[in-house]
Amino acid sequence: MNGVPSRVVLFIGAVLAAVTACDRLPGMPSEVAPPSIGSEAWTRATFNTYCRGCHASGADGASIPLMDRSYWTFASDERVIAATANGQGVMMPAFSQSAGGPFTDDEVMALARGMRGVFGGSSGAGISATIVPGDRANGEGLFANACAPCHRDGAPGGSLVDPAFLALVSDQGLWASTLAGRAVLGMPAWNHAMPSRPSGLTQEEAADIIAFVASHRAAKKDAPP
Amino acid sequence: MKWARVTIAWLESRSGLGAFIKPLMSHRVPASAKWWYVFGSATLMFFVIQVVTGVCLATVYAPSAAEAWASLRYIDSEVPAGWLIRAIHGWSSNAMVVMMAIHGLQVFLHASYKYPRELNWITGVFLLLVVLGLAFTGQVMRWDQDAYWGLGIGASIVDRVPLIGSQMRDLVLGGPIIGGETLNRFFALHVFILPGMAIGLLGLHLALIMRHGISEMPRAGERVDPATYTPAYEARMEREGVPFHPDASQRDMVFCGACLIALIVLAAVYGPFGPGAQPDPTLIDTNPRPDYPFMWIFGAVSLLPPSSETVVMLAAPALLVVWLLLVPLLGRAGERAPSRRPGMMLAAALAVIGIASLTWEGMTSPWSPVMDAWSSLPTPGAMVRGRKALEVQGAIVFQYAQCRNCHALDGEGGRRGPELDSIATRMTPEQLTRQVQQGGGNMPAYGKNLSSAQMSALVSFLATLKPSDEAPADIPGALLPLPSR
């Protein structure tokens, strides 16, 4: 054999040996250090990265206003944790790792508690965070009274009984948006005055109204494939 | 050492292996075949590396949609040096494509494809296609978001084939959508079918090289004449040729050694490719980036007007392949020297410059999505205020479907696609629906990824995006009818 190739072979062997012997090479994929969770800075940063796009405050953002205090007057930690971890079956993404999202269970819990600290306060207004069953027939009248002025077909708030709209929200979502309201957009929160409801809604009234609204869902739910 | 000699002699007498290899090593090659001729061997070396590392990876990789991603993470973090093997496999695959292109280019420049080596070239073209197939299916093996949406865009190209498009798509994906069967199908392609084809073609390619010998360096004025070429070549080899080993093989080995070292350094420093984010059919990856060998196609797509896309995406590659196959058949005789073939040189230069600049285009300018825009940038208040319930839901769809990553609203968001602040003045609801369903340019086709309710909410939201003093695009009557599902 000629001299050059054998020297090359030796050299390659040496490089290979060096590469495999060394366990900290720049290309080795590294584990990311877990961020310190639970602090206010962490809560804000996490919320701003993962949630603010849909849940901003004021007129910004399109979904339930988690940055508004009104949401936290009835929301419970369990509700927030459940929704954050597993989504709502609609366009709310599931964020827990067990559902394919980025957060551990601890992070979900820390985020829920942190948001209450940063945006809200304690609930305890005696209204359920989770939807309660209501009476559809009773709701029809209440809706005509309290909601229809703004949510009639063609009214500024837009129809709530449109099947396409209802296909995109869960009953729980209706509950939360009805109770939280969007003050800046002109949607009163549950404990604010509405036409013919000067003192806002009671839990039973809200439940009846939503039972009525939800009864317009198309029989087969039009879920994303 | 007697037993060793006896064993070898026994093996030789029973198998005839030595008698087979000896002429391979000693066949005569032109003395002028210097460093120009090393690229083919380097391509072969990368292929061998691919086979070896690929077999290693296949022992651990789990080709099921549920486990593939996790098994790659397992290879990276638990298997000793597993990450390095993945890195070598990934880098070597790109290197092989590059080396193959250089080898092909060299053959083209020197017109070595002329008589009697036409079939060498043609098997080479098929090898190139098979290797590109391996590169593409290999990217799918990562089964991350890049793979998922790269596949989605690939499938939408196949889908456009006239008449048989949807059948072809079903064949490729194992059904109308990307699912568990898709990965199995691509795994079979990647580890059985395509490598089998590659090995067969490679055997043929090498056998043809042995049969016709290696071409000499071209000299201006020396024409290839099929009537006299072969006897003259053989006589010249008798007179001036040198044995392949060690005269030519030693250059091959030096070059391959250098390539191998470069490969290992690249793999060790830059690590394996992906896997990126886990694929989630409900989250559309807005930055599906193909691997390097396909980057230029995406670059081309980003520059094309959408109307010409179908034609260009389907017809251009087919025409290119047909042309490559015809090159040796149409130009089997005549001058080989580059200086006497200015037209061909121009074609080669244009191809190289074109592919290089399209690759650059694909890697840079149009790829500026903001990856977390969908979850971090709220819909601007002015676009929510005064909207109806369904339109507000459409704004959520806009976030949820990650449109925002590529499309800015009120100056914030991705810049991959045009800003949509006043889209309603440019497009009707029908056009909006078609744009979202079929994509176009570098916009993914959302097709069935959005339900009909999501689609109508989204379009009703987009239809509100116009300056308050401007008329909407010619909107015929009410909202579009819901697309049937």
Side-chain angles (χ1 to χ4, degrees), chain A residues 1-2 4-5 7-9 11-12 15-16 18-20 22-23 25-29 31 48-63 90-93 100-102 151 154-160 162-169 182 184-186 218 222-225, chain B residues 76-77 81 83-84 87 177 246 249-250 253-254 257-258 260-261 264-272 278 280-283 372-382 384-400 404 448-454 456-457 482 485:
Chain A
M1 199 182 212
N2 192 295
V4 178
R7 251 179 284 144
V8 170
V9 169
F11 184 52
I12 294 171
V15 170
L16 262 176
V19 161
T20 37
C22 177
D23 63 350
L25 288 161
M28 190 163 167
E31 305 293 316
N48 286 345
T49 307
Y50 291 101
C51 320
R52 189 161 167 264
C54 297
H55 296 293
S57 69
D60 288 355
S63 191
V90 284
M91 286 187 286
M92 165 71 192
H151 287 296
S159 169
L160 299 179
D162 172 359
F165 168 76
L166 288 170
L168 299 171
V169 294
R182 291 296 294 277
V184 187
L185 299 179
D222 179 21
Chain B
D76 276 357
S77 56
W83 69 272
L84 188 62
I177 56 162
S249 65
Q250 126 191 349
M253 282 188 232
V254 169
L260 189 56
I261 291 168
I264 293 169
V265 169
L266 277 176
V269 173
Y270 293 104
Q278 213 164 356
D280 175 350
T282 60
L283 295 184
D372 56 12
W374 69 281
S375 65
S376 66
L377 297 176
T379 320
V384 182
R385 207 186 287 271
R387 296 331 194 242
K388 302 204 177 339
L390 188 65
E391 295 159 356
V392 172
Q393 289 297 316
I396 301 178
V397 177
F398 195 80
Q399 303 289 135
Y400 176 77
R404 197 72 188 272
K448 300 201 173 65
N449 284 295
L450 294 180
S451 69
S452 61
Q454 284 172 327
S456 58
L482 297 185
R485 286 160 58 69

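Proteins come first, then strands; the chains are lettered A, B, ... in the order of their sequence lines, and each starts at number 1.
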Heavy-atom distances under 4.5 Å only: say whether N48(A) touches chain B with side chain, backbone, both or neither.
backbone
On a heavy-atom basis, which atom in Q454(B) and which in N449(B) lie closest, and how many Å separate them?
OE1-O, 4.1 Å
Taking Q399(B) for its side chain and S376(B) for its backbone only, find out whether a donor-acceptor pair lies under 3.5 Å.
no
One option among P156(A), A56(A), S57(A) has the most heavy-atom pairs under 4.5 Å with chain B, and it is P156(A)
When the 4.5 angstrom heavy-atom criterion is applied to S159(A) and chain B, the contacting part is backbone
Would you give me the side-chain donor-acceptor pairs under 3.5 Å for residues 385-393 of chain B, sequence neighbours excluded?
from: R387(B); atom 1: NE; to: M383(B); atom 2: O; distance (Å): 3.3
from: R387(B); atom 1: NE; to: T464(B); atom 2: OG1; distance (Å): 3.1
from: R387(B); atom 1: NH1; to: A382(B); atom 2: O; distance (Å): 3.4
from: R387(B); atom 1: NH1; to: R385(B); atom 2: O; distance (Å): 3.2
from: R387(B); atom 1: NH2; to: T464(B); atom 2: O; distance (Å): 3.3
from: E391(B); atom 1: OE1; to: K388(B); atom 2: N; distance (Å): 2.8

Residue list, salt bridge (Lys or Arg N to Asp or Glu O under 4.0 Å) with D76(B), at least two apart or on another chain:
R86(B)
In terms of heavy-atom pairs under 4.5 Å with chain B, the winner among D162(A), L160(A), V184(A), T49(A) is T49(A)
